[in-house]
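Below is one structure; the comments refer to it alone.
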Amino acid sequence: MNSTNRTIGVANQEDLESIWTLLRGELFLDQFSRELIDEKLFTNPAPDRLASEALLCHEGERLVGVMQVVRRDVDRKGWIGLFAVRTESQRMGIASLLLDRAMEQLRTKGIDEVEVLAVPGNYFTPGIDPRYTSGLCFLEKRGFRRFKDCVNLIGKLDVPFETATDIARLESEGLEIRRAREQDGRLLDAYFLREFGDDWRMEAGLALANDPPSLHLALKDGAVIAFSAHSTQNREWGFFGPMGTSPETRGLGIGRLLLRLCLNDLREAGHKTAVIPWVGPIPFYSHHADCSVERVFWRYRCHIS
Ligand SMILES: CC(C)(COP(=O)(O)OP(=O)(O)OC[C@H]1O[C@@H](n2cnc3c(N)ncnc32)[C@H](O)[C@@H]1OP(=O)(O)O)[C@@H](O)C(=O)NCCC(=O)NCCS
């Protein structure tokens, strides 16, 4: 099949099976279900702020490449999400073709900066695992620059964490520790407006929508002062986060407790391990939940002129 038979189009859910098959063949470091890819490519956690689509390259009837493109017009940011080309079709310019199309689309929409993989609230990984050597060679060739590293931690969930002592202590100090409730939307709006911003508000909303809500809160005088969430995405991986404690109440053991409440939830849901993605304060997780570094990712971005 030569390049004249190539077509580029936009994926829809009917393409899921073939996309999943292609990604499973190429992303050899990761294990994931069809449902997880469905979430990454066809579920938009913030349709009012993010626009997302997956571009496909076919040669004749055969799917040979996929590349997700996401943008957020409000701050002119874009993302190249999952991308891969079938092994037999690599080094023939297919990823380049997809990237040209994606970048043109982003440029047309006024996007200034494009990052790789770290799609807010819906990321497969927060950057590229450098062991996907072909991926990073491709990105560097195409003008993306590495600007940061980040890690995912893994925590074992063999035994439940003891939480009763911390709860009793904090309650005796006047705090309320509880699982979030459906009607907590306004409390969360106020909290995230004050402390951690829209992206984490969106993720807290995803956690709140789970049944039961996968969101634990600490409150003082009726206002949220700390939160921790899990299972907002990538549920099959036992995904923790995000979490945050207001600066003035740090160091009191609130974060430790909220972390452990989430890990206990994940354990009860049947997970043997939890992924603590895209951290953050490694010593905090290592100390309080014996987590260790599992994977390292390189973050890449480029500016569109
Ligand atoms: C990365 C990937 C998508 C590239 O697809 P591709 O269609 O082969 O890429 P292109 O043919 O457009 O390559 C463009 C340029 O990128 C660079 N490049 C691509 N693959 C490379 C490799 N394996 N080694 C070194 N450079 C490479 C080259 O400079 C290449 O130009 P050249 O062939 O003229 O030298 C493909 O190798 C792949 O699917 N890898 C596994 C999945 C992956 O790593 N995804 C990223 C994480 S989600």
Side-chain angles (χ1 to χ4, degrees), residues 1-9 11 15-16 18-34 36-43 52-60 62-70 78-106 114-152 233-234 236-237 239 275 277-278 294-302:
M1 193 71 64
N2 67 43
S3 59
T4 55
N5 299 88
R6 282 185 196 154
T7 52
I8 304 279
D15 300 303
L16 178 60
S18 53
I19 295 172
W20 180 56
T21 304
L22 189 156
L23 291 175
R24 273 203 310 166
E26 303 309 326
L27 300 180
F28 58 90
L29 298 168
D30 291 280
Q31 287 194 325
F32 46 87
S33 69
R34 189 189 294 100
L36 192 141
I37 297 305
D38 192 8
E39 175 180 274
K40 294 307 101 187
L41 300 186
F42 300 111
T43 310
S52 168
E53 63 184 27
L55 299 176
L56 302 182
C57 180
H58 284 88
E59 284 183 346
R62 188 171 160 79
L63 179 67
V64 291
V66 57
M67 181 174 286
Q68 184 185 20
V69 49
V70 179
W79 290 266
I80 297 300
L82 280 169
F83 64 98
V85 168
R86 199 182 285 281
T87 303
E88 315 83 82
S89 305
Q90 289 180 7
R91 301 304 284 269
M92 296 177 187
I94 291 170
S96 298
L97 201 62
L98 287 164
L99 187 67
D100 287 344
R101 181 68 65 93
M103 295 301 256
E104 186 48 39
Q105 200 172 302
L106 294 171
V114 183
E115 199 180 326
V116 177
L117 283 160
V119 176
N122 194 21
Y123 56 92
F124 184 76
T125 51
I128 186 164
D129 185 321
R131 292 173 296 169
Y132 284 126
T133 310
S134 56
L136 68 90
C137 289
F138 168 72
L139 291 170
E140 294 195 0
K141 170 76 179 195
R142 292 301 312 256
F144 283 81
R145 292 289 162 255
R146 177 181 166 196
F147 70 99
K148 226 176 190 174
D149 297 341
C150 61
V151 303
N152 281 2
Q233 55 166 327
N234 301 329
E236 68 200 52
W237 293 339
F239 224 60
V275 175
W278 201 341
E294 188 201 24
R295 292 182 73 177
V296 177
F297 302 97
W298 292 0
R299 295 180 68 187
Y300 279 89
R301 69 180 169 202
C302 80

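Note that ligands are numbered from 1 as they come in the structure, with each ligand's atoms numbered from 1 the same way.
Near Gly93, meaning under 4.0 Å from any of its heavy atoms, are these atoms of ligand 1: 10 (P), 11 (O), 12 (O). The distance from ligand 1 to the heavy atoms of Ile94 drops below 4.0 Å at these ligand atoms: 7 (O), 12 (O). Of all atoms in ligand 1, numbered sequentially from 1 with element shown, those under 4.0 Å from a heavy atom of Gly135 are 1 (C), 44 (O).
Among protein heavy atoms, atom 38 (C) of ligand 1 sits closest to Gln90 NE2, 3.3 Å. In terms of protein heavy-atom proximity, atom 17 (C) of ligand 1 is nearest to Phe138 CA, 3.8 Å. The shortest contact between atom 14 (C) of ligand 1 and any protein heavy atom is with Ser96 OG, 3.3 Å.
Not one N or O of Ser89 is nearer than 3.5 Å to an N or O of ligand 1, by distance alone. Where the criterion is an N or O separation shorter than 3.5 Å, residue side chain and backbone included, Leu27 fails it with respect to ligand 1.
The presence of a protein heavy atom under 4.0 Å from atom 12 (O) of ligand 1 is confirmed.
Judged by distance alone, with hydrogens and angles left aside, the side-chain atoms of Gln68 form no donor-acceptor pair with the main-chain N or O of Ser52 at under 3.5 Å. Put simply, the side chain of Glu115 never gets that close to the backbone of Gly78: no donor and acceptor are under 3.5 Å apart.
Trp237 and Phe124 have their aromatic ring centers within a separation under 6.0 angstrom.
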Does the side chain to side chain donor-acceptor pair (under 3.5 Å) test come out yes or no for Glu53 and Gln105, once each step is laid out? CA-CA 11 Å; Glu53 63 184 27; Gln105 200 172 302; 3.0 Å; yes

Show your reasoning for whether ring-ring contact (aromatic ring centres under 6.0 Å, His included) applies to Tyr132 and Trp298. CA-CA 11 Å; Tyr132 284 126; Trp298 292 0; over 10 Å; no

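Taking the centre and axis of the six-membered ring of Tyr300, the NZ or CZ atom of Arg146 falls outside the cone set by 45° and 6.0 Å.
Ranked by closest heavy atom to atom 46 (C) of ligand 1, the top entry among Phe83, Tyr132, Phe28 is Phe83. For atom 39 (O) of ligand 1, the nearest non-hydrogen atom from the set Val85, Thr125, Thr87, Ile128 comes from Val85. The heavy atom nearest to atom 7 (O) of ligand 1, considering only Ser134, Cys137, Ala95, is found in Ala95. Closest heavy-atom approach to atom 20 (N) of ligand 1 among the candidates Arg91, Arg131, Met92: Arg91.
No salt bridge links Glu59 with Arg86; every basic N to acidic carboxylate O contact stays at or beyond 4.0 Å. Between Asp129 and Arg295, at least one side-chain nitrogen of the basic residue sits less than 4.0 Å from a carboxylate oxygen of the acidic one, meeting the salt-bridge criterion.
At a 4.0 Å heavy-atom cut-off, ligand 1 does not touch Asp129 at all. If you look at Lys141 next to ligand 1, the close heavy atoms, those under 4.0 Å, all belong to the side chain.
Side chain to side chain, Gln90 and Ser134 fail the donor-acceptor criterion of an N or O pair below 3.5 Å.
At most 12 heavy atoms of other shown residues, nucleotides or ligands fall within 6.0 angstrom of atom CD in Gln31.
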